[in-house]
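Below: one structure, written as structure tokens.
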Amino acid sequence: MAAVHAHPMVGGRPEFADGWLPHQVGDDIASHDVGRAPVTPTRRADAARPPARGRRAAGRRESRPLLDGVPAGDAESPDAGRTPTARSPLTAQPSSPSSRPAGTAAAPYVPGCTNVEPTSPDTSYEFDLRAGKVVPGDTAAWYLARGADAFVLSGESDAFIADGDEPTVADCVHGIETQPVTALPFADLAGERPFCVWSADRKEIVIARLAEAPEDGSVTIALDRHHREG
């Protein structure tokens, strides 16, 4: 365009239209451009394209499920292709037995004192079950104390109120092991209903009855004591 303006045959403000240049001017401009290397439009370097979606980044491995701590399908793993075996269920261990000696119906109990009927005049006296007699309170090691309307067991002794008229030692042992009681109210022992008392060491057992409980406050029991030999 500068060459056009500088040509003596073109005015200062040329008008642009088809065929607007004089032929001589066009020829001169064409001859002026002869020998120039054609200009080839260049393309911009392509900008770095982001990786296509779903393509994994270089150097990363696809995660696989684990089987016993080893990737499933790993050819180098010694466990490849192995079917996991079911583990044996844990077996519950029984709880340790009680420290108290266990009683059995076949235990070799032999009779001691029998058909004894001691009388406690009031609540200040208790029954010495081992000796089969009445002693002042807090005297006997294995005793049966009494209140106004119930008996009181000693220490860790266990008791059972029988249903039959003549319970055996085996009946008492079974009853204490299956239906023990912690209270012996006189009302439950009416009609000379028998009851059993078992010592804490399981070496002695008494089969007793409430014989009398008059209004004067005295209490009489009838008892048979059995003990284990050895």
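Nothing fancy with the numbering, it's 1 onward along the sequence.
- By the 4.5 Å heavy-atom criterion applied to side chains, T182 and L153 are not counted as neighbours.
- Closest approach of P167 to I207, counting heavy atoms only: O-CD1, 3.4 Å.
- Within the 3.5 Å criterion, the main-chain N or O of V135 finds no donor-acceptor partner in the side chain of T139.
- Shortest non-hydrogen contact noted between A183 and I161 is O-CD1, 4.4 Å.
- At a threshold of 4.5 Å between non-hydrogen side-chain atoms, the residues T123 and V219 do not count as touching.
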Verdict with supporting geometry, R130 and V206, side chain to side chain contact (heavy atoms under 4.5 Å, CB included): CA-CA 9 Å; R130 183 168 291 120; V206 162; over 6 Å; no

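- With contacts defined as side-chain heavy-atom distances shorter than 4.5 Å, the pair P185/D149 does not qualify.
- Summarising the geometry, atom OG belonging to S124 is positioned 8.5 Å from atom CZ belonging to R146; distances are rounded to the nearest 0.5 Å.
- Here the side chains of F160 and C196 are in contact, with some heavy-atom distance below 4.5 Å.
- Under the 4.5 Å side-chain criterion, counting only non-hydrogen atoms from C-beta, R209 is not in contact with L189.
- Here the side chains of D122 and S218 are not in contact, with every heavy-atom distance at 4.5 Å or above.
- Pairing each heavy atom of L210 with each of E192, the nearest pair is O-CG, 3.5 Å.
- The shortest heavy-atom contact between G164 and P194 is O-CG, 3.1 Å.
- Here the side chain of R225 pairs no donor or acceptor atom with the backbone of T114 at under 3.5 angstrom.
- With salt bridges taken as basic N to acidic carboxylate O contacts below 4.0 Å, none links E204 and R228.
- Side-chain atoms of D158 do not come within 3.5 Å of backbone N or O of I176 as any donor-acceptor pair.
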Derivation and outcome, side chain to side chain contact (heavy atoms under 4.5 Å, CB included), residues I205 and S199: CA-CA 6 Å; I205 191 166; S199 64; over 6 Å; no

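- Using a 4.5 Å heavy-atom threshold, the side chains of D165 and R193 count as separate.
- A side-chain donor-acceptor contact under 3.5 Å links E126 to the backbone of D138.
- Among residue pairs with one or both ends in residues 128-157, those qualifying as ring pair (Phe, Tyr, Trp, His ring centres under 6.0 Å) are F151-F186, F151-F195; sequence neighbours excluded.
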Side chain to side chain contact (heavy atoms under 4.5 Å, CB included) between V197 and L129, worked out: CA-CA 9 Å; V197 181; L129 297 180; 4.0 Å; yes

Residue pair C113, L223: steps toward the side chain to side chain contact (heavy atoms under 4.5 Å, CB included) verdict: CA-CA 8 Å; C113 57; L223 64 86; 4.0 Å; yes

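- Tracing side-chain contacts under 4.5 Å through hydrophobic residues (I, L, V, M, F, W, Y), one reaches V116 starting from Y125; they form part of the same cluster.
- From W198, atom CH2 reaches atom CD of E156 across 13.5 Å, with rounding to the nearest 0.5 Å.
- Within the 4.5 Å cutoff, no side-chain heavy atoms of E117 are placed close to those of I221.
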